[in-house]
Protein chains: 2
Amino acid sequence: MVGGPPWWHGKFAGYGYRMTVPRQAILSTLSKSKKHLSAEDIYLSVHKAYPGIGLTTVYRTLELLVRMGLVFKFDFGDGRSRYELAEGPNTNHHHHLVCRGCGRIIDYSELVDEETKILKQIGQTLSKKYDFSIDSHQIHFLGLCNKCK
Amino acid sequence: MVGGPPWWHGKFAGYGYRMTVPRQAILSTLSKSKKHLSAEDIYLSVHKAYPGIGLTTVYRTLELLVRMGLVFKFDFGDGRSRYELAEGPNTNHHHHLVCRGCGRIIDYSELVDEETKILKQIGQTLSKKYDFSIDSHQIHFLGLCNKCK
DNA sequence: AATGGAAGTGAAAACCATTACCAATAAGGA
DNA sequence: TCCTTATTGGTAATGGTTTTCACTTCCATT
C-alpha cells in the first residue's frame, strides 16, 4: 500500500525527521488525490488501510508537512482546512475559484504561468522592501458558480 | 459616536435591509480601523460604546456585510476570520504578506494596480470558461518575516 | 543483543471560534 | 400610533483543532 521509498524520503532525513508508517500513508493519500482533502478526509482514507492511525497523528503530520513545504494548507471558508501536496509527479500548479454560494472549488491551471511570472517579480520587490522571505503564494477568485448565481 | 447617515445607508435600503444601531456601530468600527479585525475585536470595540450589542449580532452582521459585498472576509490561518471594509473613503486596495512563523500580516499596496490589471484579464477568461461570476480576488504571499527567519 | 534518550503516537479531554435556538425588541411603512 | 416582521441578545450547542499524557518506536551507542 505504501510502496517503496518515494521521492520525499530524502527530505525527511534532511530535516532530521523520521519516516514512519503514518507519515508515508498520509503522503500516499495526498499524492493519490487531486482534490482538496480535509483532515478528516485524510483520516478516513488512511484509517481504512491502517486502522491504528489516529486523527491526532493526521493533524500533527499535516502541520509538519506544511512546515516542511511539502504540503499547502488552504482555507476556503467552509470551516475546515484543506490540504494539497505541493509538488510531485502528480501535481500541477494551479489556483482556485471559490463559490461563495455553495462552497464549490474549481481549480484552474490556465494562465498560471503568466500569473506566476508577474507575482515572482512583485514578490521580489516586496521581499526586499519588507525583509520578508516568500516561499509561496495563493490566489483566490471569489464569486458565484453557475448553479448559484 | 455613530454619526449622521453615511454613504452606505443607500445600499441597505436598496437591499431591503434595515439600518440599525448595531449595524451602524459595526460599520463605523470597521471604517475607523485599517487593521484586519477579528469578530471578537469588533465585538469589544462596539461593545464599549454600546454595551447592549452582543457577539451573536456581530457575527450575523458581518456575514450580512460580506454577502452585500461591503466587507471582505479573510483567513490567515490563525483560527479566526478577519474582516476589512471593502470600499470607502479610508480604504485602499491592498494584498497581504502572511508570516507562517508568527502570523504577522503585512499589507502592501505597491504594484497592486499591476496585479489587478493582469488578474482582471485572467478573471474574464476563467469567468467565461467556467461560467463563474467573479466579484473579488485575494492574493496571499506566504513566508517568514524578518523576525522569524 | 542490550540500553537509554529522544522522537513519534493514540485516546480522551480540553479548547474556542462560530452557529443555533428562541423569546424579546425595535425599525419603518400604513 | 399601530402592526408586521426583521432584528437582536443571552445561552447552549456544535464541531474542527489542539493539548495532555502515558505508552511505543526508532536509532546511536555500548
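Protein chains get the first letters and strands the later ones, always in sequence-line order, with residue 1 at the start of each.
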Legend entry - Criterion side chain to side chain donor-acceptor pair (under 3.5 Å) against B/Asp107, the qualifying member of B/His36, B/His95, B/Lys34: B/His36
Inset, instruction - Assess the side chains of B/Asn92 and B/Ser109: does a donor N or O sit below 3.5 Å from an acceptor N or O? - result: yes
When you measure from the side chain of [X], which nucleotide among [options] comes out closest?
X: A/Thr56; options: D/dC21, D/dG9, C/dA12; result: C/dA12
X: B/Ile53; options: D/dG9, C/dA27, C/dT9; result: D/dG9
X: B/Arg23; options: D/dT17, D/dT7, D/dG9; result: D/dT7
X: B/Glu40; options: D/dT5, C/dA17, C/dG8; result: C/dA17

Write down the distance between [atom1] ([X]) and [atom2] ([N]), rounded to a whole number of angstrom.
X: A/Leu37; N: D/dT17; atom1: CG; atom2: P; result: 13 Å
X: B/Asp41; N: C/dA17; atom1: CG; atom2: P; result: 11 Å
X: A/Tyr50; N: D/dT24; atom1: OH; atom2: C1'; result: 18 Å
X: B/Gln24; N: D/dT8; atom1: CD; atom2: C1'; result: 15 Å
X: B/Tyr59; N: D/dT11; atom1: OH; atom2: C1'; result: 15 Å
X: A/Arg18; N: C/dT9; atom1: CZ; atom2: C1'; result: 11 Å
X: B/Asp78; N: D/dT18; atom1: CG; atom2: C1'; result: 14 Å
X: A/Leu62; N: C/dG8; atom1: CG; atom2: P; result: 15 Å

Inset, instruction - Report the C-alpha distance between A/Asp41 and A/Arg82 in whole Å, list the side-chain angles of each, state the deciding distance to 0.1 Å, and finish with yes or no for salt bridge (charged side-chain N to carboxylate O under 4.0 Å, His left out). - result: CA-CA 9 Å; A/Asp41 292 336; A/Arg82 304 281 172 171; 3.7 Å; yes
Inset, instruction - Please say whether more than 12 non-hydrogen atoms of neighbouring residues, nucleotides or ligands are located less than 6.0 Å from NZ in A/Lys117. - result: no
Inset, instruction - Assign each of A/Thr20 and B/Tyr17 to its nearest nucleotide of DNA chain C by heavy atoms, then name whichever residue's nucleotide is nearer the 5' end. - result: A/Thr20
Inset, instruction - Using the closest heavy atom to pick a nucleotide of DNA chain C for each, name whichever of A/Tyr43 or B/Tyr83 lands nearer the 5' end. - result: A/Tyr43
Inset, instruction - Using a strict 4.0 Å threshold on nitrogen-to-oxygen distance, state whether A/Lys120 and A/Glu115 make a salt bridge. - result: no
Inset, instruction - Select base, sugar-phosphate, or nothing to describe what A/Arg80 touches, counting heavy atoms under 4.0 Å on all strands. - result: sugar-phosphate
Legend entry - Whichever of B/Gly52 and A/Ser81 has its nearest DNA chain D nucleotide further upstream toward 5': B/Gly52
